[in-house]
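Structure first, then comments.
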Amino acid sequence: MVANLALKRNSLSMFWPCLVIFLILLFLRDYVGVGVSSFAFLILSLLIACGSDKSEVIAFCLCCIPMLNAFQSKYGLLICMLIYIIRFAQSLRINASVLPILLLIIWELLHHVDSNFSIIEIIRLFAELIFCCLLMNCDVNDLDFNRIMRSFAFTTTMICFIILFAQLKQCSFRVELLFTTNYRFGYGVNSDNLSVGFNPNILAFICLSAIEGLFMIIYRRQSKLIDIIMVLVLFVFGLLTMSRKFIICALLFFILYLFTQNKRSNKYKALLLLSILLLVIYFAVYTFFPSVINSIVARFSVDDISSGREDIFKFYNQQLSTNMSLLFFGVSFLKYKENLSYMFPNMNIPHNGIQELLVIWGIPGLILFSIFIISMICFARKLNKNIKFINYIPFIVYTAFIQAAQMVSSSVIVMLIGIAYICMTSDISNSERQYNL
């Protein structure tokens, strides 16, 4: 993406005022306990969609990632996409990326020809994939990469603080009780209603994706002090989840990031920066959350580091190899978990992205989704003539993560495809390389 960083901001933009109100309302609801109507969040989404520029509307859609469980996010996304299409129709370029998603929707509908279903239900089901498709049809020259990534990182940081305060409140603010046994950062918020709570592994990967976006800005040497602070805070929050996948994927990211430095002197500088950041993070965690370090070590010391994922993987491989209907047709996306629970009552859902695609849509679905991902990479290469290895790193890390996680059944994981795509389309070479601390 030839990111036009000189774009003028709309002085009357509704983006930041509404986003701040959004976060305040979430804090009041999930921490203070004030009753907030879910309709208020949709009104704020509508105001942002109508009163913000292109970058800000896209930024808000990505800011919804850490808030996907907190409000009726699918309707919020659909509102933003509809308004974006109406307002900026002239900047949309319909390309071939639409076809595999359209065929996936048709393939899903074919699973339900003999059953009752609502077309609204299907649209809601595909809301995140439709957004990724819309993103690939936007004029990326009009998008401000730095603003989008900073907004996403800021929202993620604020949501993490809300979760932390809510969890501390449940433990009477006794930190030593918060991260004991299986009580990890991300859980502990009311899961029966809309709330900011997340599965710790998913929350950790959201933090890592925000860190990756900020490191792209650091690589451009356009970083601000707030970027460094957010990297530190987000990494601490990632560690508090005690997610092994977070640590492994973060290590992979940092190793790959070092390979982006062409000169030896730059490698040493990058290594020094990473070392300083890791030391600061270690002392911060050790000082404020001393039990977390021991808990992380304990999680890596268990006999089965996969936490049963290897057995789940083997089970579904066996089912796919013996059940031709499952292999070629799948169980469908709609009521996916319920269908699997009925078929395999004592087995968890797949924890591998590729395997999950096969279980949901069979071989045709896997092929169509693969075509969509390949087209995403091809479009990114076409738009970003100066694409470099660093542009691919978020996608590489994403691919590594989904080998032990859900994919299309997780709204967050689907939306994070958009982060990987924007990182690939960001033209690093045309950036004005200077620090702004």
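Values reported hereafter were calculated over all heavy atoms of this structure, with side chains retained and with hydrogens, waters and symmetry mates removed. On a predicted model such as this, the values are computed, not experimentally measured, just so you know.
A heavy-atom distance below 4.5 Å is not found between the side chains of V57 and F15. Two residues are said to be in side-chain contact when any heavy atoms from C-beta on lie closer than 4.5 Å; F313 and H351 fail this criterion. Under the 4.5 Å side-chain criterion, counting only non-hydrogen atoms from C-beta, N348 is not in contact with L340. Between L92 and C138, some side-chain heavy-atom pair lies under the 4.5 Å cut-off. Taking 4.5 Å as the limit, some side-chain heavy atom of F198 sits within range of a side-chain heavy atom of V412. The shortest distance between side-chain heavy atoms of T241 and I202 does not fall below 4.5 Å. With a 4.5 Å cut-off on side-chain heavy atoms, V414 and M407 do not count as touching. Residues S151 and L62 fail the side-chain proximity criterion, which asks for heavy atoms closer than 4.5 Å.
With a 6.0 Å radius and a threshold of 12 heavy atoms from other residues, nucleotides or ligands, F259 has its CZ atom at or below the threshold. Heavy atoms of other residues, nucleotides or ligands lying less than 6.0 angstrom from OH of Y286 number 12 at most. Counting heavy atoms of neighbouring residues, nucleotides and ligands inside a 6.0 Å radius, atom NZ of K54 exceeds 12 of them. Annotation for L277: atom CG counts as buried by contact number, over 12 foreign heavy atoms lying within 6.0 Å.
Aromatic pair W16/F154: ring centres closer than 6.0 Å. Taking the six-membered ring for Trp and the full ring otherwise, the centers of F315 and F344 sit less than 6.0 Å from each other. Ring centroid separation for the pair F215 and F253 comes in under the 6.0 Å cut-off. In this structure, F328 has its ring center at least 6.0 angstrom away from the ring center of W361. The ring of F173 has its center no closer than 6.0 angstrom to the ring center of F165. Remark: aromatic rings of F237 and F161 are close, center separation under 6.0 Å. Aromatic pair F235/F254: ring centres closer than 6.0 Å. If you look at Y421 and F395, their ring centroids are not closer than 6.0 Å.
Shown here for P350 and Y336, the closest heavy-atom pair between the two residues is CD-OH, 3.0 Å. The heavy-atom pair separating K74 from S411 by the smallest distance is NZ-OG, 3.6 Å.
Rounded to the nearest 0.5 Å, atoms CZ (F22) and CD1 (I43) are 11.5 Å apart. We find the OH-OG distance between Y398 and S209 to be 9.0 Å, quoted to the nearest 0.5 Å. The CD atom of Q355 sits 11.0 Å away from atom CD1 of I349, with the distance rounded to the nearest 0.5 Å. In this structure, N391 CG and I396 CD1 are separated by 10.5 Å, a value rounded to the nearest 0.5 Å. Remark: I148 CD1 to F60 CZ distance equals 14.0 Å, nearest 0.5 Å.
A salt bridge does not link D139 with R93: none of the charged nitrogens is closer than 4.0 Å to a carboxylate oxygen. Using a cutoff of 4.0 Å between basic side-chain nitrogens and carboxylate oxygens, R147 and D53 are scored as salt-bridged.
No side-chain donor-acceptor contact under 3.5 Å links S118 and R124. Residues R184 and N201 bring a donor and an acceptor atom of their side chains to less than 3.5 Å of each other.
Of the possible donor and acceptor atoms, none in the side chain of R150 sits under 3.5 Å from a partner among the backbone N and O of L214. Judged by distance alone, the side chain of Q72 and the main-chain N or O of L42 form no donor-acceptor pair under 3.5 Å. In this structure a side-chain-to-backbone donor-acceptor pair under 3.5 Å is missing from S97 to M136. Of the possible donor and acceptor atoms, one in the side chain of S55 sits under 3.5 Å from a partner among the backbone N and O of D142.
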Side chain to side chain contact (heavy atoms under 4.5 Å, CB included) assessment of V34 paired with L25: CA-CA 9 Å; V34 176; L25 290 179; over 6 Å; no

Stepwise side chain to side chain contact (heavy atoms under 4.5 Å, CB included) check, E108 with L334: CA-CA 8 Å; E108 175 66 23; L334 186 64; 3.4 Å; yes

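Geometrically, K245 does not engage F205 in a cation-pi contact defined by less than 6.0 Å to the ring centre and at most 45° from the axis.
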